[in-house]
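Please read the structure below before turning to the comments.
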Amino acid sequence: MYLTRHEERIYRGDFGETLARALRVIVKVGESMGARKLINISHAHISGVGYSNIGDAGLEFLRDLVKEKLFFKVYTTANPGSVNVESVKYFSYSKEFIDKQLEILDIYRSLGVDVFTCAPYHVRTPRYGEHLSWAESNAILVANSLYGARTNKEAGVLALFSALTGKTYYAGLHITRERYPRVVINVKNPRREYTYLGLLGLYIGRLVGDKVPYIRGLGKLDIERIKTLLAAIGTTGSVGMSIIENISPEEPDILSKHTKYIEDRIEVEDKDIKFFEESSRELCDDPEVFIIGCPHVSPEFLLELRELLAKVDPKPKKPIWLFTPPIYSNISYLREILDELSRKGIYVIKSVCPVTSPLSELGYRCVGTTSSKALFYLPKLAKTRVALMDLQDIVRKVYEVGS
Ligand code: F3S
């Protein structure tokens, strides 16, 4: 691989052994994907922030970075952890678990992480054509598919190395021809509910694997619904982007010139998705708590939820946890909405991931959610069962509307 003189110096260890190791790993991965050079990135997004993800080995590694007084070279955000100082009251994990989780967050902050959220695109909008190094599947799919920014689906540690060096390898989805769709997915009679779009995404992800799909027939969708679909595709598929009809900015160019790479055309109907839902084994039907915001919700979603709750009695019968990026409290119209939702009894929780957290240790057995990503991961990671429910059904159940 060609390296600039500055990159060569990093590679040789002129700026320390850790930076050298970080760059060597990026080069190695790049070479395995056929990259011939490195490129600068403008934003790194790190995953694997939860103590339950990275454990003691990961924490030790982070402590070493602090000892070496390293600092991220580019704007960096990171996924949320399982708990933070403000949310300890909701998540009474063991003292050791909380202490270590808080230490991880402190270390990342000292390295330069600006914000902890799994929806970094709600914090800084990705620019068309810019190069990123992001780890967090939903964020990657949103950046590539909705904004036309360019990132591969990186592992957490590789995004961390990119944050330290400001570099990634020029291969995969950074290259235009790798972004052309290989499979056309025609969706028949689509619906708008979150549960439908999530299950559709899980199904498409499994169908396409690592091939970029061109998804047609969905009509107009708002950002929260697009996110729901893309997060689910990223859950079951290894692909890092989709072209969505009338939504993806690269669609016009692809349609005019680059349809020759298409290998397959598939029609998806309701019965395919129903089959997929029925094959999910970890279902339950009487949730003790409801999780909304996996991934963290958009401003548009807050407006939708406020409208839905406008006429309900503000006494929920069961807790709803609403997960958001932290910055909404700094934006006055969003802060007002969040205050209004809190008055309706909703627990607004900032910068936390409940899904990669030991919820079963807190006694939760059945969790209701709108998220297909949570449907997929809660049983594996939080060791709870799941009731996949539409937003309206959650509101009906929690506020006993119409009963
Ligand atoms: Fe976010 Fe955790 Fe879901 S990081 S996307 S809330 S699994």
Side-chain angles (χ1 to χ4, degrees), residues 44-54 58 76-84 86-87 90-91 93 101 104-105 108 113 115-123 134-143 145-146 151 153-156 159-160 194-195 197-199 201-202 205 223-237 240 282 289-298 301-302 320-328 347-360 364 367-384 386 388:
H45 181 81
I46 297 166
S47 67
V49 172
Y51 176 61
S52 38
N53 288 120
I54 64 171
T76 301
T77 48
N79 265 7
S82 298
V83 64
N84 55 19
E86 296 88 48
S87 63
Y90 305 119
F91 305 107
Y93 303 123
Q101 179 63 79
I104 291 169
L105 297 177
Y108 272 123
V113 165
V115 173
F116 295 95
T117 178
C118 45
Y121 40 83
H122 291 323
V123 173
W134 282 15
E136 167 46 48
S137 58
N138 97 80
I140 294 157
L141 272 117
V142 170
S145 318
L146 184 58
T151 173
K153 204 172 182 184
E154 301 296 5
L160 174 70
Y194 293 112
T195 48
L197 290 164
L199 290 168
L202 291 180
I223 185 163
E224 192 68 29
R225 285 173 171 78
I226 298 167
K227 253 170 78 178
T228 300
L229 174 78
L230 292 171
I233 292 174
T235 298
T236 48
E282 310 282 354
V289 65
F290 295 87
I291 286 177
I292 300 175
C294 167
H296 289 175
V297 296
S298 61
F301 180 87
L302 295 181
I320 299 184
W321 296 337
L322 178 71
F323 294 88
T324 77
I327 56 153
Y328 294 171
Y347 298 99
V348 176
I349 302 172
K350 293 175 273 183
S351 287
V352 166
C353 167
V355 175
T356 58
S357 303
L359 287 183
S360 64
Y364 294 109
V367 174
T369 184
T370 51
S371 165
S372 287
K373 180 167 180 175
L375 168 75
F376 195 85
Y377 284 119
L378 276 168
K380 292 183 179 66
L381 303 173
K383 309 271 186 286
T384 64
V386 186
L388 185 68

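Note that ligands are numbered from 1 as they come in the structure, with each ligand's atoms numbered from 1 the same way. The shown structure was predicted, so the numbers you read here are calculated from the model rather than taken from an experiment.
The shortest distance between side-chain heavy atoms of V83 and S357 does not fall below 4.5 Å.
Nearest non-hydrogen protein atom to atom 3 (Fe) of ligand 1 is C294 SG, 2.3 Å.
Near P295, with a cut-off below 4.0 Å to any heavy atom, the atoms of ligand 1 are 5 (S). Using a 4.0 Å cut-off to heavy atoms of V355, the atoms of ligand 1 that qualify are 7 (S).
Counting heavy atoms closer than 4.0 Å to ligand 1, residue K373 contributes side-chain atoms (C-beta onward) but none from N, CA, C or O.
Which of A231, S357, C118 comes nearest to atom 1 (Fe) of ligand 1 through a heavy atom is settled by distance: it is C118.
Summarising the geometry, atom CD1 belonging to I292 is positioned 13.5 Å from atom OH belonging to Y347; distances are rounded to the nearest 0.5 Å. Expressed to the nearest 0.5 Å, how far SG of C353 lies from OH of Y377 amounts to 11.0 Å.
Y328 contributes a side-chain N or O that, together with a main-chain N or O of V297, makes up a donor-acceptor pair within less than 3.5 Å.
Contact annotation: C353 places an N, O or S atom under 2.8 Å from atom 2 (Fe) of ligand 1.
The environment of Y90 atom OH is dense: over 12 non-hydrogen atoms of other residues, nucleotides or ligands sit within 6.0 angstrom.
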